[in-house]
Participant: 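I have a structure I would like to understand better, so I am pasting it below and will then ask my questions one at a time.
Per chain, numbering begins at 1; letters A, B, ... match sequence-line order. Quantities reported herein were computed from a predicted structural model and do not represent experimental measurements.
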Amino acid sequence: MANLPKIYDPQQIEGKWYQFWEENRYFHAEAISNKPSYTIVIPPPNITGILHIGHALDNTLQDCLSRWHRMNGFNVLWLPGTDHAGIVTELIMERKLAEEGTSRKEIGRDEFINRMWEWKSESAGYIVSQLQQLGCSCDWERERFTLDEGLSKAVKTAFVKLYDQGLIYQDTYMVNWCPQCDTAVSNLEVEPIEIDGNFYHIKYPVVDSDIKLEIATTRPETMLGDTAVAVHPEDKRHQHLIGKTVCLPLTNREVPIISDTYVDMEFGTGALKVTPAHDVNDYEIGLRHDLEQRVVFTSDGYMNEDAGQEYSGLTRFDCRKKVVEDLDKLDYLVKIVPHPHAVGHHDRCGTIVEPTISPQWFMNVKPLAQRAIEATNNGDVVFIPERETTRFLHWMENIEPWPISRQRWWGHRLPIWFCNACNESTAAMDTPDTCECGATDFCQEEDVLDTWFSSGLWPFSTMGWPDKTDELDTFYPTSVLVTGWDILFFWVARMIMFGLACTDEVPFKTVYLHGLVADEKGQKMSKSKGNAIDPLETIEKYGTDAFRFALVNTSTPIPYVPLPESQIESGRRFTNKIWNAARFLLMNLEKYPKPIESNNTLDENTLEVNWIKSRLAKTINSSTEALKNFRFHELAQILYAFLWHEFCDWYLEFVKQRLTQNQPYALWIAADVLEQTMRLLHPVMPFLTEEIWQQLTIDGKENNDSIESSITIAEWPNSDAEDNQVEETMDTLMTVIDNVRSIRGELNVPNGASIDIHIQSPDPIIRNRLELYLKQYLPAFTRVNDIIIDETLPKPKASAEAVIGELAIYIPLEGVIDLDEEKARLTKRYQQIAKDINAAQKTLENPQFVERAPENVVQQKKDLVDRLSIEQDKLERSLAMLDVSSS
RNA sequence: GGGCGGGUAGCUCAGGUGGCUAGAGCGACAGCUUUACACGCUGUAGGUCACAGGUUCAAGUCCUGUCCCGCCUACCA
């Protein structure tokens, strides 16, 4: 045990513990339990995906919550699983097929689906093992997949239920169409991207007149589908043209000039070309005026025959070029003005979406949204951070029908059945027996559902809904959903709406939305930007615990959290520091074994022991508070500061000092404190803490049944050992030690040199404390000869000085001290104090302050001025003396 | 156009409901093989809290305005 390596090697430690946890089923939740439940369902990652930095953060936080609750005695279910991620997964498969020289259409639906399942079974393990590598304490016995039988049944059930309520219907409407993926997509999947476009001004000659009506458009190629030109009814410039027609250039078609208040007189030329089949607004105008919907694009982004012979077969983009050239040639083009504007791109493949009229299945989500709004306002569901509530409500209030059908194959086929005889459609779990018309021959709708439909059911479909199961009873509604704020509308909103619609309950009480991991420049990390950190490489290089610590430590409640490499390095140093602290204790525990039986014969009430107990108690309490409030970064910082700067920097030095005197009690307490601190840190750093915890408790476990077999189920610490009196005493000592060190450092006293220390203090209590403790502790921090403490002491010749309130420290440094340096040091301190006193006095001189501020605040200020004034006086006198001796 | 978040040390960020002499990590500088750790130890430097007003006894914190940066959202062709 004593030959632990000097440098912590995570690879030696991490693997074995995950296996140990799995074998002992520590992460398994019981469907029937008398413990209180705590449930998280994982936001399911893509089955064929790999772990990226966003997953790493999201799942680390979920693991922190899960592990913390497990230690608090909850029946914790963290339910893992994956999503079939329809469109994006198919895209990748299509790319594979293209490489093989075939295509999905060529191999057909059945074969395509076969290939998808094959690929799924090949790659399904990746993300799971990566989550395990990250340390995630999921209940793998309950892993789910959105296309599993049970979840598919849930999808069908929900669909039929909503269909029967009239909330799901088929309609022909203008939707966002992706020509690349050959499917409709919802607004949410369309990303508007600003591009440097142009405004093309085009003349449309008015029939039977010399007038040319000038229109402006960003998409000149759509003119081939124009079926009207619209002007505002009150537009004086164009009023007289209403009712006439224009001759559409390049087509020789005549289209009417109509009036519609939608037209903005101020914008462009005040005349709007109307393409009802290819623009949402034009579509609406078209409906109002009963215009022809002239389709000129094919579904995969080419021009069709109706675009005209010249253009048919061109891509959308080539067509635009040609149309502009032709217009120019024929003198219809007035000008091209640069006009940056946002254009919708499909977020999965980056293709510019094409608004297209097509028959789709829609879900009327308004009534469901209404319930979600009520639940939010009632506080049935709470968003953290709070600001997300406004965003959520705003989106819910303006929600539009959701197009749920996708012209794809990988997913849940809509449970809609068409009668082959009368073509009536109906929704049902299985093929219906007979149609109302008497026929018995049906075919199922070809389309599949949007993936978000099945993920929306995830919090309860994973637990067996619609069946009444023990799991639903025990774990549903779940406790909290943890995800990035960018997923609020995709997952969270749908889960809440579906939860209310299907189970009459909000699926989770709390939604915690964390930030997105960014690089140093605040840019969101993403593969496409090339600025992403690969979690697995990072884990290999720094260790899982270091990586997790960095993630937790940086996850402040801001929208984009930068994760510079230096943060991860800092995490690694921290793991190494902990490792070495443990190593130090374990090595010394071999020499001074901790007695199994606790006994009180020893002098246990030493200051340092009471101090570290008090500090630990405060650390425990503030850690618990931080976790309760989802303030993960606070937890990380509290534990880092305690472990490094209190436990290691101070307490272990006290321990060393005790050991030189053969007093091992402080050491045994150190082991105790570290053991408890490992428990506090375990949710963040599962592997290292388990390793150290096991080593620290190994002797105890053989003799004490109350010690658990693993830190994962060890009790979350609590303590009431806070003692401000003790901390204050220790503060005095630390301040003295700090000042002595500071003098040595600043005046370049050689390390080897022993020094004398004279302390003058009028306060008998302070003198007493210093007498008692300083002589014990100081040697641990600095080489010291003699310590003299008295009520009044003359300042020795050629000595350095530090003043702490009414206490003065003199260090005779004959022959070492440079008087000018000392003078500069004291002057600097003097000036700083003068400034502080000045500011505080100003406040005190204000009668209003004394009158209105709370008494304790006034008193604090007074005390401050008193203390600083004494220091100032002392410094003044010392400086005067220095002047005398140096002149 | 509307909304949200941010501007605090060289860099990245903390600073719930106003009140200790504004903090941390990283970096910089100086010095250390002090018997756990050089992935370490000790010390030091570094801030007009974006700007301008206001409220208050008291503002990094609250209010108003301005200027930057980022994001979300919206049918101005």
Participant: Considering only side-chain heavy atoms of A:D738, which listed nucleotide, B:G43, B:C20, B:U21, is closest?
Facilitator: B:G43
Participant: Taking Watson-Crick (N1-N3 plus N6-O4 or O6-N4) and G-U wobble (N1-O2, O6-N3), each under 3.5 Å, can you produce the dot-bracket string of RNA chain B? Use [ ] for crossing pairs and | for inter-strand ones.
Facilitator: ((((((((.[[[[.)...(...]]]].(((((.......))))).....[[[[[..)....]]]]])))))))....
Participant: Could you tell me whether A:E354 and A:R219 have a side-chain N and a carboxylate O separated by less than 4.0 Å?
Facilitator: yes
Participant: More 5' along RNA chain B: A:I558 or A:E871, using each one's nearest nucleotide?
Facilitator: A:I558
Participant: Tell whether A:R867 reaches the base of B:U21 with its side chain through a donor-acceptor pair below 3.5 angstrom.
Facilitator: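 Such a pair is found, so the answer is yes.
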Participant: Where the side chain of A:D836 is concerned, which of B:A36, B:U21, B:G15 is the nearest nucleotide?
Facilitator: B:U21
Participant: Report which part of the nucleic acid A:H278 touches: base, sugar-phosphate, or nothing (heavy-atom distance under 4.0 Å, all strands).
Facilitator: nothing
Participant: By the 4.0 Å heavy-atom rule, please label A:R572 as base, sugar-phosphate, or nothing.
Facilitator: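 Base contact.
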Participant: Using the side-chain heavy atoms of A:S742, tell me which of these nucleotides is nearest: B:C26, B:U44, B:C41.
Facilitator: B:U44
Participant: Check the distance between B:U21's C1' and A:Q872's CD and give it to me in whole angstrom.
Facilitator: 14 Å
Participant: Where each residue is assigned the nucleotide of RNA chain B containing its nearest heavy atom, which of A:A840 and A:E625 is assigned the position nearer the 5′ end?
Facilitator: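 Looking at RNA chain B, the more 5' nearest nucleotide goes with A:E625.
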Participant: Could you work out the separation of B:C67 and B:G31 based on their C1' atoms and round it to a whole Å?
Facilitator: 45 Å
Participant: What one-letter contact string describes nucleotides 71-77 of chain B from 5' to 3', where B marks a base within less than 4.0 Å of any protein heavy atom, S marks contact via sugar-phosphate atoms alone, and - marks no contact?
Facilitator: S---BBB
Participant: Taking any heavy-atom pair under 4.0 Å as a contact, classify A:E653: base, sugar-phosphate, or nothing.
Facilitator: base
Participant: Looking at the side chain of A:L652, which of B:G25, B:A36, B:C20 is the nearest nucleotide?
Facilitator: B:A36
Participant: With the side chain of A:P854 defined as its heavy atoms from C-beta on, choose the nearest nucleotide among B:C37, B:C26, B:G19.
Facilitator: B:G19
Participant: Using the P atom as the point on both nucleotides, what is the distance between B:G3 and B:U64, in whole Å?
Facilitator: 12 Å
Participant: Check nucleotides 30-35 of chain B for protein N or O atoms closer than 3.5 Å to its own N or O atoms and list the pairs.
Facilitator:
| residue | atom | partner | partner atom | Å |
| --- | --- | --- | --- | --- |
| B:C32 | O2' | A:N751 | ND2 | 3.1 |

Participant: Side chain of A:Y640 only, please: which of B:G25, B:A36, B:G43 is the nearest?
Facilitator: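 Comparing B:G25, B:A36, B:G43 against the side chain of A:Y640, the answer is B:G25.
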Participant: Is there a donor on the side chain of A:K6 or the base of B:C37 sitting less than 3.5 Å from an acceptor on the other?
Facilitator: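 Between B:C37 and A:K6, which were checked side chain against base, a qualifying N/O pair under 3.5 Å is absent.
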